[in-house]
Q: 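Structure in structure tokens, see below.
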Amino acid sequence: MAAALVALVVVPWFGARRAEEDRSASNASLSGQGPAVSADDAVYFYSTAAGGVCRANPGDATSVEVVYPVDSSSHWVTSLAWDASGGRVLFVLENYMDEGSCPEVHSIAHDGSADEVIYVGEPRGRGFDTFSIQQMNVFSDTLYLLVTQRSEAAGSSFDVIAMSPDGSDQRQLCHGSGQVSDGVIVTSERVYYVDNHYDEEEGGAPGTVYSLDYGGSSVEVAYQSEEGRIADIALGGGNLYVWEIGGEDKGQSIAAVSLDGSDARPIYVPSGDTGVRLLAADERGVYVESYAASRNMPEPEDWDLLFVSADGVTSRVLAEGLTIYNPTVNNMGSYLIMSENGQYQGSVGERVVILGGDGTPLIEYQLDGQGTGQ
């Protein structure tokens with residue numbers, strides 16, 4: 001059944017592009033497993049349960065159509081983006097069973113036709129020697145890729161590569177050293193990345209978020225944790241949001257800091273027996289998974305969806321007792337797309353749900369043509 005989608009906020013026109021870019025950049029960073037993107041009056045998402053890249057109406061639970069079939073026993077889709085000027089869907093396709101294969105960026109028409117490969121990476125590799133296209137986004141008619149390399153000899157590094165959405169005019173914007181698996185955000189101006197330094201003699205040290213401008217002329221510390229490891233980051237409303245995991249005597253928390261590094265403050269500090277996870281962000285604040293933490297049950301059976309304001313003053317429960325396992329959330333501005341994911345590449349998008357910005361469940365795509373809604 002169709003359902004009305006209510007906008008989350010009204011953003012002045014001059015700030016709308018920045019707000020959209022921050023949301024999109026945060027989505028790409030936080031939902032590498034379970035990617036989704038909105039395009040005009042449709043949504044596109046990847047689902048192994050449905051069998052590939054899907055197109056659906058955000059208000060119609062029975063509208064799922066597989067526009068690009070993917071064999072999930074060997075391949076998976078790690079990123080999705082929308083080229084508005086060309087009216088095309090972009091996605092990263094990777095063969096995770098073949099270490100000699102190269103990840104590819106595909107461009108397709110809205111119905112899945114006219115498939116073109118516009119970028120081919122290096123061989124995937126395995127173990128300590130790997131290559132990955134970790135993120136992809138389109139800002140102002142420019143396609144941005146985050147590619148990461150790791151080798152036993154040279155260590156870990158990353159590059160931000162820009163090009164036209166058709167694959168032409170490829171150029172490197174910046175190069176950085178370090179492993180970025182713990183959080184990285186690519187914008188049209190710079191990249192923010194997490195370094196959880198580990199010293200073999202001293203052990204772990206508090207994590208740091210760095211800001212690197214394109215051209216590599218300026219590397220700045222955007223945030224220094226006093227709690228412990230930084231698990232992930234997001235952007236919204238001129239804030240950098242940081243999900244921190246403390247040591248044995250400290251729990252998890254969410255902090256916010258202005259993009260110039262000032263005004264760092266905790267915005268959500270739950271009790272010690274509560275686990276948290278940063279799911280999505282926008283100009284108002286963050287969406288957080290909250291659950292009862294237990295050493296005997298590292299993965300919660302159910303959890304609550306919270307919204308925490310950017311100033312930390314407001315924290316409210318949007319939905320209770322959710323059973324979506326290992327969720328990823330894509331914030332589309334007027335609604336949320338939530339995916340349930342397993343623990344490996346062949347179990348992404350086992351369930352796909354659309355929620356209102358207030359946590360109201362609108363529809364669930366059952367991915368078999370029999371979706372549910374209200």
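What you are looking at is a predicted structure, and each value in this text was computed from that prediction instead of being measured.
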Q: Show every salt bridge (Lys or Arg N to Asp or Glu O under 4.0 Å) that has at least one partner inside residues 161-171, sequence neighbours left out.
A: Asp169-Arg171
Q: To the closest 0.5 Å, what do you measure between CG (Leu146) and CD1 (Ile133)?
A: 10.0 Å
Q: Checking one residue: Val77. Which other hydrophobic residues are in its cluster under the side-chain 4.5 Å linking rule?
A: Val37, Tyr44, Tyr46, Val53, Val67, Tyr68, Val70, Trp76, Leu80, Trp82, Val89, Phe91, Leu93, Tyr96, Met97, Ile108, Val348
Q: Would you confirm whether Arg277, through its side chain, and Pro327, through its main-chain N or O, come within 3.5 Å as a donor-acceptor pair?
A: yes
Q: If you define the side chain from C-beta out and look only at heavy atoms, does anything of Asp304 sit under 4.5 Å from Leu322?
A: no
Q: Do Asp40 side-chain atoms and Ala42 backbone N/O form a donor-acceptor pair below 3.5 Å?
A: no
Q: Picking from Leu30, Leu318, Val329, what satisfies side-chain contact (heavy atoms from CB on, under 4.5 Å) with Tyr287?
A: Leu318
Q: So how far is it from Thr208 OG1 to Asn196 CG, rounded to the nearest 0.5 Å?
A: 8.0 Å
Q: Please indicate whether Glu104 has more than 12 foreign heavy atoms, meaning atoms of other residues, nucleotides or ligands, lying under 6.0 Å from its CD.
A: yes
Q: Give the minimum heavy-atom separation between Val43 and Pro58, together with the two atoms involved.
A: CG1-CB, 4.1 Å
Q: Mark yes or no for whether Asn326, through its side chain, and Gly342, through its backbone, hold a donor-acceptor pair below 3.5 Å.
A: yes
Q: Working to the nearest 0.5 Å, report the span between CH2 of Trp303 and OG1 of Thr274.
A: 15.0 Å
Q: Could you tell me whether the side chain of Ser309 and the main chain of Thr314 form a donor-acceptor pair under 3.5 Å?
A: yes
Q: Quick one: list whatever passes side-chain contact (heavy atoms from CB on, under 4.5 Å) with Ser79, sequence neighbours left out.
A: Val92, Met136
Q: Do Arg190 and Ser211 get their side chains close enough for a donor-acceptor pair, meaning under 3.5 Å?
A: yes
Q: For a side chain to side chain donor-acceptor pair (under 3.5 Å) check, start with the C-alpha distance between Gln149 and Ser157, then their side-chain angles and the critical distance, and finish with the verdict.
A: CA-CA 5 Å; Gln149 306 90 25; Ser157 63; 2.9 Å; yes
Q: Evaluate the criterion side-chain contact (heavy atoms from CB on, under 4.5 Å) for residue pair Leu90 and His106; output intermediate values, then yes/no.
A: CA-CA 6 Å; Leu90 310 177; His106 286 245; over 6 Å; no
Q: Do any N or O atoms from the side chain of Ser225 and from the backbone of Gly228 form a donor-acceptor pair under 3.5 angstrom?
A: yes
Q: Taking a hydrophobic cluster as the set of Ile, Leu, Val, Met, Phe, Trp and Tyr residues connected by side-chain heavy atoms closer than 4.5 Å, whether directly or through intermediates, do Val186 and Ile161 fall within one such cluster?
A: no
Q: Can you tell if the side chain of Tyr335 reaches within under 4.5 Å of the side chain of Ser38, non-hydrogen atoms only?
A: yes
Q: Using a 3.5 Å distance criterion without hydrogens, assess whether the side chain of Asp282 forms a donor-acceptor pair with backbone atoms of Gly285.
A: yes
Q: Sort and list the pairs that fulfil salt bridge (Lys or Arg N to Asp or Glu O under 4.0 Å) and have at least one residue in residues 262-271, not counting sequence neighbours.
A: Asp263-Arg265
Q: With clusters defined by side-chain heavy atoms of hydrophobic residues (ILVMFWY) lying less than 4.5 Å apart, directly or transitively, does Ile118 cluster with Phe131?
A: yes
Q: Could you list all the salt bridge (Lys or Arg N to Asp or Glu O under 4.0 Å) pairs where at least one residue sits in residues 70-86, not counting sequence neighbours?
A: none
Q: Starting from Tyr325, walk the hydrophobic network (Ile, Leu, Val, Met, Phe, Trp, Tyr; side-chain heavy atoms closer than 4.5 Å) and list everyone else you reach, by chain and number.
A: none
Q: State, yes or no, whether a side-chain contact exists between Cys174 and Val191 at a heavy-atom distance under 4.5 Å.
A: yes
Q: Do Val353 and Leu362 touch side chain to side chain, with heavy atoms closer than 4.5 Å?
A: no
Q: Strictly distance-based, threshold 3.5 Å: is any side-chain N or O of Gln224 a donor or acceptor partner for the main-chain N or O of Val221?
A: no
Q: Taking all atoms of both residues into account, what is the closest heavy-atom pair of Glu350 and Leu367, and its distance?
A: O-CD1, 3.7 Å
Q: Any chance the side chains of Gln345 and Ser72 put a donor and an acceptor closer than 3.5 Å?
A: no
Q: Decide whether Phe139 and Leu212 are clustered together by the hydrophobic rule: side chain heavy atoms of Ile, Leu, Val, Met, Phe, Trp, Tyr closer than 4.5 Å, transitively.
A: yes
Q: Within the distance-only criterion (no hydrogens, no angle test), does the side chain of Arg88 pair as donor or acceptor with the backbone N or O of Ala114 below 3.5 angstrom?
A: yes
Q: How long is the gap from CG on Leu306 to CZ on Arg316, to the nearest 0.5 Å?
A: 10.5 Å
Q: Using side-chain contact (heavy atoms from CB on, under 4.5 Å), reason through Ile354 and Leu336 one step at a time and then give a plain yes or no.
A: CA-CA 6 Å; Ile354 288 189; Leu336 309 174; over 6 Å; no
Q: Not counting sequence neighbours, which residues clear salt bridge (charged side-chain N to carboxylate O under 4.0 Å, His left out) with Glu65? List them please.
A: Arg55
Q: Under the side-chain contact (heavy atoms from CB on, under 4.5 Å) rule, collect the residues that match up with Ser101, sequence neighbours excluded.
A: Asn95, Asp98, Arg124
Q: Would you please name every residue forming a side-chain contact (heavy atoms from CB on, under 4.5 Å) with Ile233, sequence neighbours left out?
A: Ile185, Tyr192, Val194, Val209, Ile230, Leu240, Val242
Q: Do Thr328 and Asn330 have side-chain atoms, one donor and one acceptor, less than 3.5 Å apart?
A: no
Q: Hey, quick one: are Val138 and Val105 part of the same hydrophobic cluster, counting side-chain heavy atoms closer than 4.5 Å, chains of contacts allowed?
A: yes
Q: Look at the side chain of Ser63 and the backbone N and O of Asp60, then say whether any donor-acceptor pair between them is shorter than 3.5 Å.
A: yes
Q: If you link I, L, V, M, F, W and Y whenever their side-chain heavy atoms are under 4.5 Å apart, who else ends up in the same group as Val269?
A: none
Q: Taking the side chain as C-beta and beyond, is there a heavy-atom pair between Pro123 and Cys102 under 4.5 Å?
A: yes
Q: Would Asp302 and Thr323 count as having a side-chain donor-acceptor pair, cut-off 3.5 Å?
A: no
Q: What is the distance from atom CZ of Phe158 to atom OG1 of Thr148, rounded to the nearest 0.5 Å?
A: 10.0 Å
Q: Could you work out, with salt bridge (charged side-chain N to carboxylate O under 4.0 Å, His left out) as the rule, every residue matching Glu220, not counting sequence neighbours?
A: none
Q: Return each pair, listed once, that meets salt bridge (Lys or Arg N to Asp or Glu O under 4.0 Å) where at least one residue sits in residues 331-345; pairs must be two or more places apart or across chains.
A: Glu340-Arg351
Q: Between the side chain of Ser24 and the main-chain N/O of Glu20, is any donor-acceptor distance below 3.5 Å?
A: no
Q: State plainly whether the residues Glu283 and Arg18 are in salt-bridge range, i.e. N to O under 4.0 Å.
A: no
Q: Check whether any side-chain heavy atom of Leu235 sits under 4.5 Å from a side-chain heavy atom of Thr187, and report yes or no.
A: yes
Q: How long is the span from the OG atom in Ser164 to the CG atom in Leu143, to the nearest 0.5 Å?
A: 9.0 Å
Q: Could you see if Val120 belongs to whatever hydrophobic cluster contains Val160? Use Ile, Leu, Val, Met, Phe, Trp, Tyr and a side-chain cutoff under 4.5 Å.
A: no
Q: Do Tyr144 and Ser188 have side chains that get closer than 4.5 Å, going by heavy atoms?
A: yes
Q: Looking at side-chain heavy atoms only, is the closest gap between Val286 and Phe307 below 4.5 Å?
A: no
